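Model, not experiment: these values are computed from the prediction. The chains referred to below are lettered A, B, ... by the order of the sequence lines, with proteins before strands, and numbering in each begins at 1.
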Amino acid sequence: MALPLTYNFRNLLVRRLSTSLTFFVVTVVVAVLCVLLSFAAGIRASLRASGWPQNVLVLKTGATAESTSIIYPDEAGRIVQTPGIATDSSGQLLLSPELCVQTSVPRIGPDGTPANVAIRGVDRVAFDVHPEVKLIEGRLFEDGAQEVIVGVQARDRYQNLHVGGEVMLGRSTNRVFKVVGVFEAAGGALESEIWSGRTMIADAHNFRFVSSIAVRLEDPARAEEAIRYIKGPAVRMNARTEVDYYDDLSTKTRQIVLLTSILIGIMSVGAIFAVANTMYASVDSRRREIAMLRTIGFSRRSIVTSFLVESLLITLTACLVGIAVSLSVDGSRQDFLSDTTWTVLAYELRVTPEIILSALGLSTLVGLFGGLAPAVRASRTRIIEALRKA
Amino acid sequence: MSTVDIELRKVRKVYFKDRLEIPVLEGLDLTIAAGEFVVLMGPSGSGKSTLLHLIGGLDSATGGSVRVGDAHLEKMSERERTAWRSRHVGFIFQMYHLVPVLTAAQNVELPLLLFSMSSSQRKERVRTALEVVGLSDRADHRPNQLSGGQEQRVAIARAIVTDPDVILADEPTGDLDAKTSEEILELLNLLNSEFGKTILMVTHDPRAASHGQRTVHLDKGVLDREELNPARPRGAAAMVS
Ligand SMILES: Nc1ncnc2c1ncn2[C@@H]1O[C@H](COP(=O)(O)OP(=O)(O)O)[C@@H](O)[C@H]1O
Ligand SMILES: [Mg+2]
């Protein structure tokens with residue numbers, strides 16, 4: 001049987017200052033890790049909730065985002081021959097031409113700084129192509145009326161976007177649109193948008209084109225075939241599944257993860273040194289105690305184990321505190337300014353189980369790497385010399 | 001009564017320091033009968049502690065043989081000696097070497113953690129050991145709350161809690177005043193006479209020596225003479241050969 005945990009625990013308390021400093025360092029590393037990764041996880045979760053594998057988003061060749069894509073009506077007509085397009089009960093093809101613009105709306109909050117909100121002009125068919133969009137309050141906009149419905153995230157973050165409120169739209173931001181409803185979209189990116197009738201938006205901006213066409217297929221398995229057709233000579237437009245499209249928008253999260261990894265890597269090295277330093281000091285001041293344990297019959301291995309347990313005790317409890325700290329931001333809301341669409345996506349920070357696991361893994365590694373050399377030194381204590389009178 | 005005797009034959013111990021040979025023991029012979037209480041005396045630096053360490057398996061001899069009961073220590077690896085120590089030897093040092101963060105009872109319990117034993121069995125053993133050394137009422141005290149004599153009693157309880165055959169004591173009263181020393185020596189006497197432990201004790205103090213059945217003198221690497229203590233006759237005959 002090994003040395004009891006109380007033994008390690010009390011020894012840590014003896015060297016209170018050194019232990020708490022190291023504890024603090026590891027706590028900070030873990031908290032930074034969790035918070036930064038929760039940004040990435042939040043954005044990714046929001047974008048992942050967006051898009052269907054059987055929806056193909058058609059853009060102008062060369063455009064990577066709806067905001068930079070322009071499709072004229074004659075071009076739009078070419079895609080009706082695309083194989084595998086789903087139909088509704090009345091036999092209408094599920095093709096949704098959509099016009100994306102933006103407008104600046106002040107945020108809710110003391111400073112009320114304005115931000116770009118995405119406006120999507122849609123036809124009725126859009127609600128069949130994006131079945132996740134569900135009205136939760138009020139009613140739908142009427143054709144030909146200056147009315148909008150707003151996503152829940154947009155309503156909660158911008159001024160005057162509740163039902164009965166108003167928003168200024170149009171080329172010279174001079175047309176008043178009334179908010180008549182609020183919708184959800186399964187937590188996806190659409191919830192950060194404002195929707196209105198496509199013709200009303202086109203009128204307000206004097207645009208005669210659409211930005212994109214969302215095509216709903218009968219079966220996700222046919223997406224590849226459909227995309228090949230649209231990219232081919234018959235249509236010559238850019239096409240991707242919505243899932244891929246939103247995945248690409250989340251490249252930013254990959255950068256966050258990469259930068260976090262680098263930062264945490266550097267901080268972890270510091271933490272390892274802090275742990276090693278604390279443990280070396282502990283080993284050196286306990287040489288006689290170690291020699292006594294060896295005399296009693298504790299093996300080298302049990303000494304190594306005991307000191308590793310001691311350093312893991314620091315790093316893992318610090319990890320728990322770091323996770324607890326980061327959980328305080330869990331669920332808090334953030335804006336993500338997409339640099340491809342220049343509109344703001346709302347998302348919630350998420351401390352996911354994966355993040356917690358990686359924090360625990362990191363703390364374990366820091367404890368092991370920091371503790372190993374001191375533990376080995378402890379196990380090599382020369383019994384006889386250490387037992388001699390100081 | 002312990003059945004473990006000790007036999008050293010032609011034991012040599014050479015330390016190396018800066019490539020220099022420091023011979024400490026040079027062909028030493030010693031036989032200690034089972035259940036005997038032997039006192040080891042000699043000038044400082046003569047190798048008394050070294051001899052104790054060899055018998056306890058803390059170090060290995062450069063030459064010769066060291067047998068404790070069935071254990072031929074010179075043939076055992078470091079790892080084997082470590083495991084052997086935990087069952088067969090109890091050490092008592094001048095410096096006590098208690099773990100400061102643990103209570104008296106927890107210090108005494110330490111050696112038992114190497115045995116497969118239930119926690120209640122361990123508690124029972126610890127209680128008995130503390131009773132033997134007369135410290136039942138100090139079980140929950142930390143070492144810094146104890147006097148030197150009490151600390152040494154805890155160390156003795158720790159040495160006997162595994163019921164070892166042999167007790168090796170290196171100047172156990174070196175840091176204690178005369179009265180406390182006497183109490184500690186009485187305790188060792190008790191362990192020898194009542195519990196039949198084989199004891200080898202190093203001391204500088206002639207009065208301490210009077211507690212043993214026999215005193216051997218170490219000088220210049222060998223045991224050069226011995227005296228029997230007429231006040232404490234012993235059963236088995238054992239001689240420096
Ligand atoms: N590890 C060592 N390296 C070198 N010399 C040592 C070592 N340990 C002990 N010695 C030497 O061996 C001699 C005997 O030491 P020791 O057994 O402690 O003597 P005693 O206990 O009789 O005072 C001393 O001269 C001491 O300096
Ligand atoms: Mg000595």
Side-chain angles (χ1 to χ4, degrees), chain A residues 1-20 278-279 281-307 309-311 313-314 375-390, chain B residues 13 15 17 44 49-50 52-54 56-60 77-103 106-119 122 142-144 155 158-159 161-162 164 168 170-171 174-175:
Chain A
M1 193 177 147
L3 285 156
L5 266 179
T6 47
Y7 165 72
N8 302 107
F9 183 67
R10 290 193 196 152
N11 269 309
L12 289 176
L13 291 187
V14 169
R15 277 157 281 276
R16 215 161 274 157
L17 182 65
S18 167
T19 301
S20 9
T278 296
M279 294 310 294
S282 183
V283 169
D284 288 348
S285 66
R286 282 155 67 191
R287 287 183 66 235
R288 287 222 211 128
E289 187 175 307
I290 297 161
M292 186 65 226
L293 292 171
R294 296 275 291 120
T295 302
I296 287 174
F298 283 93
S299 63
R300 288 211 162 126
R301 185 188 301 204
S302 63
I303 300 291
V304 170
T305 309
S306 183
F307 276 90
V309 163
E310 210 161 303
S311 70
L313 207 56
I314 305 181
V376 168
R377 182 197 277 189
S379 77
R380 293 198 177 144
T381 299
R382 302 173 66 157
I383 306 176
I384 294 162
E385 281 157 44
L387 285 177
R388 269 177 207 290
K389 284 194 269 182
Chain B
K13 179 66 187 178
Y15 286 112
K17 202 170 200 174
S44 189
S49 295
T50 301
L52 232 58
H53 296 153
L54 292 182
L58 284 178
D59 202 355
S60 53
S77 69
E78 198 269 343
R79 190 191 294 246
E80 288 166 334
R81 281 189 273 119
T82 303
W84 172 79
R85 274 203 300 277
S86 67
R87 312 204 155 241
H88 299 279
V89 197
F91 285 93
I92 303 167
F93 296 97
Q94 179 179 351
M95 310 288 295
Y96 329 127
H97 294 306
L98 299 180
V99 177
V101 300
L102 298 180
T103 63
Q106 288 167 332
N107 266 284
V108 175
E109 189 184 11
L110 279 176
L112 296 179
L113 297 175
L114 295 161
F115 289 65
S116 50
M117 208 179 262
S118 74
S119 149
R122 286 202 303 270
R142 296 276 179 93
N144 61 7
R158 180 180 60 189
V161 75
T162 59
L168 302 172
D170 197 347
E171 303 191 39
D175 262 13

*Looking only at heavy atoms, what is the nearest atom pair of B:W84 and B:G56, with distance?*
CZ3-O, 3.7 Å
*Indicate the atoms forming the closest heavy-atom contact of A:R15 with A:S285, along with that distance.*
NH1-OG, 2.9 Å
Give, as side chain, backbone, both or neither, the part of [X] having an atom under 4.5 angstrom from any heavy atom of chain A.
X: B:H97; result: both
X: B:R81; result: neither
X: B:E109; result: neither

*asked:* Go through it in stages, so that I can follow the logic: the residues are A:R380 and A:I303, the test is side-chain contact (heavy atoms from CB on, under 4.5 Å), and I'd like the CA-CA distance, side-chain angles, deciding distance and then a yes or no.
replied: CA-CA 9 Å; A:R380 293 198 177 144; A:I303 300 291; over 6 Å; no
*Given that the side chain runs from C-beta out, which part of A:L293 has a heavy atom under 4.5 Å from chain B: side chain, backbone, both or neither?*
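Side chain of A:L293 only, per the 4.5 Å heavy-atom cut-off to chain B.
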*Tell me, for A:R286 versus chain B, whether the close heavy atoms (under 4.5 Å) come from the side chain, the backbone, both or neither.*
neither
*Crowded around B:Y15 OH? As in, over 12 foreign heavy atoms under 6.0 Å?*
yes
_Under the criterion side-chain contact (heavy atoms from CB on, under 4.5 Å), I'd like the reasoning laid out for A:R300 against A:R294: C-alpha separation, chi angles, the key distance, then a yes or no._
CA-CA 7 Å; A:R300 288 211 162 126; A:R294 296 275 291 120; 3.6 Å; yes
*Which of the residues B:D59, B:L112, B:D170, B:T50 is involved in the greatest number of heavy-atom pairs with chain A at under 4.5 angstrom?*
B:D59
